[in-house]
S.K.: 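Can you keep this structure in mind? I'll have questions shortly.
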Amino acid sequence: PPKKRFAIKLPANDYQIAWGDSVYRSRMDLRSRDYVLVAAVEVLDHDGVAQTAFPSDVPDKDVTFHATVVDPFGGYDVREVWCTLTDPDGSVIIDHAPMSKVAGFFNTYSNGYALAWNYTGFPSGQYNVTVDAVDNTGWYYRYPAHPEDATFGGHLESAMTSFWIGGLPN
């Protein structure tokens, strides 16, 4: 099969990269100052508006945990995004649940992830949402060689936000 060629044009130079085939395997390392990052975590009300306090006396108690995850290599490099929710006592309500991709493509820098939740029956107080994300580098570091490494070789990124059920504290 023919080899793939890529050309990178810079001001005074032309560079070419020859990509191998099934017989002559190739690898390309791309270095970056940035990597996967959980840039924002929000809690959206049933209308999709970000809020920090949710009344306990409303009929519609549906909320969505939304995360913006950025990666300089694009959406394809974001391997997994998870959500954890704790209640006012610190008990885990949602434990490392996978979030669904709701915005972005394989080549977009910024991508959106969401997880729906309903707070019916939950007590008033402060809740904490933590979103974790890992890129392909971290995933392939951990699996299969280091399955015990919960940090994915240092590539696990997290962000947290708080919200209140029953109004903000006085």
S.K.: Is the Y127 ring parallel, tilted or perpendicular to the F122 ring (thresholds 30°, 60°)?
M.R.: perpendicular
S.K.: May I ask whether V58 and I165 are part of the same hydrophobic cluster, defined by side-chain heavy atoms of I, L, V, M, F, W, Y residues being less than 4.5 angstrom apart, directly or through others?
M.R.: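 Per the 4.5 Å side-chain linkage, V58 and I165 are co-clustered.
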S.K.: So, for Y140 and R79, which heavy atoms are closest and what is the spacing to 0.1 Å?
M.R.: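 Scanning both residues, the minimum pair turns out to be OH-NH1, 2.8 Å.
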S.K.: If two hydrophobic side chains count as joined below 4.5 Å and joins carry through other members, does V102 share a cluster with V70?
M.R.: no
S.K.: Which pairs count as ring-ring contact (aromatic ring centres under 6.0 Å, His included) when at least one residue sits in residues 75-99, sequence neighbours excluded?
M.R.: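 Residue pairs passing ring-ring contact (aromatic ring centres under 6.0 Å, His included), neighbours aside: W82-H96, W82-F152.
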S.K.: Any chain of hydrophobic side-chain contacts (each under 4.5 Å) joining F65 to V78?
M.R.: yes
S.K.: Filter on side chain to side chain donor-acceptor pair (under 3.5 Å), then keep only pairs touching residues 44-56, sequence neighbours left out; what's left?
M.R.: D45-Q51
S.K.: Measure the CZ-CG distance between F163 and N128 for me, rounded to the nearest 0.5 Å.
M.R.: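 Output value for this atom pair is 8.5 Å.
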S.K.: Who passes side-chain contact (heavy atoms from CB on, under 4.5 Å) against D89, sequence neighbours left out?
M.R.: D87, S91
S.K.: Apply the side chain to side chain contact (heavy atoms under 4.5 Å, CB included) test between E157 and each candidate in D135, D132, V36; give the one that qualifies.
M.R.: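 Among D135, D132, V36, the one that satisfies the side chain to side chain contact (heavy atoms under 4.5 Å, CB included) with E157 is V36.
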S.K.: Output all residues satisfying side chain to side chain donor-acceptor pair (under 3.5 Å) with N111, sequence neighbours left out; order by chain, then residue number.
M.R.: K101, T108
S.K.: Under the side chain to side chain donor-acceptor pair (under 3.5 Å) rule, what pairs show up with a residue in residues 142-151, not counting sequence neighbours?
M.R.: D149-T151
S.K.: Do you reckon V131 sits in the same ILVMFWY cluster as Y113, going by side-chain contacts under 4.5 Å, direct or chained?
M.R.: yes
S.K.: Enumerate the side chain to side chain donor-acceptor pair (under 3.5 Å) contacts for residues 114-124, please, sequence neighbours excluded, ordered by first and then second residue.
M.R.: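 Pairs touching residues 114-124 that pass the test: D62-N118, N118-T120.
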S.K.: A50: which residues meet the side-chain contact (heavy atoms from CB on, under 4.5 Å) condition with it, sequence neighbours left out?
M.R.: E42, L44
S.K.: Through direct or indirect side-chain contacts below 4.5 angstrom among Ile, Leu, Val, Met, Phe, Trp and Tyr, which residues connect to V92?
M.R.: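 V92 shares its hydrophobic cluster with no other residue.
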S.K.: Which pair of heavy atoms, one from S158 and one from T130, lies closest together, and at what distance?
M.R.: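 Between these two residues, the closest heavy atoms are CB-CG2, 4.4 Å.
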S.K.: Got a sec, which residues hit side chain to side chain donor-acceptor pair (under 3.5 Å) with Y109, two or more places apart in sequence or on another chain?
M.R.: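 Residues passing side chain to side chain donor-acceptor pair (under 3.5 Å) with Y109: none at all.
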S.K.: In this structure, would F54 and V41 fall into the same cluster of hydrophobic residues linked by side-chain contacts under 4.5 Å?
M.R.: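 Looking at the clustering, V41 is in the same group as F54.
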S.K.: Please give me the minimum heavy-atom distance between A133 and V69, naming the atom from each residue.
M.R.: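 Smallest heavy-atom distance, with atoms named: CB-CG1, 4.2 Å.
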S.K.: Using the side-chain contact (heavy atoms from CB on, under 4.5 Å) criterion, which residues pair with A97? Sequence neighbours excluded.
M.R.: I94, L115
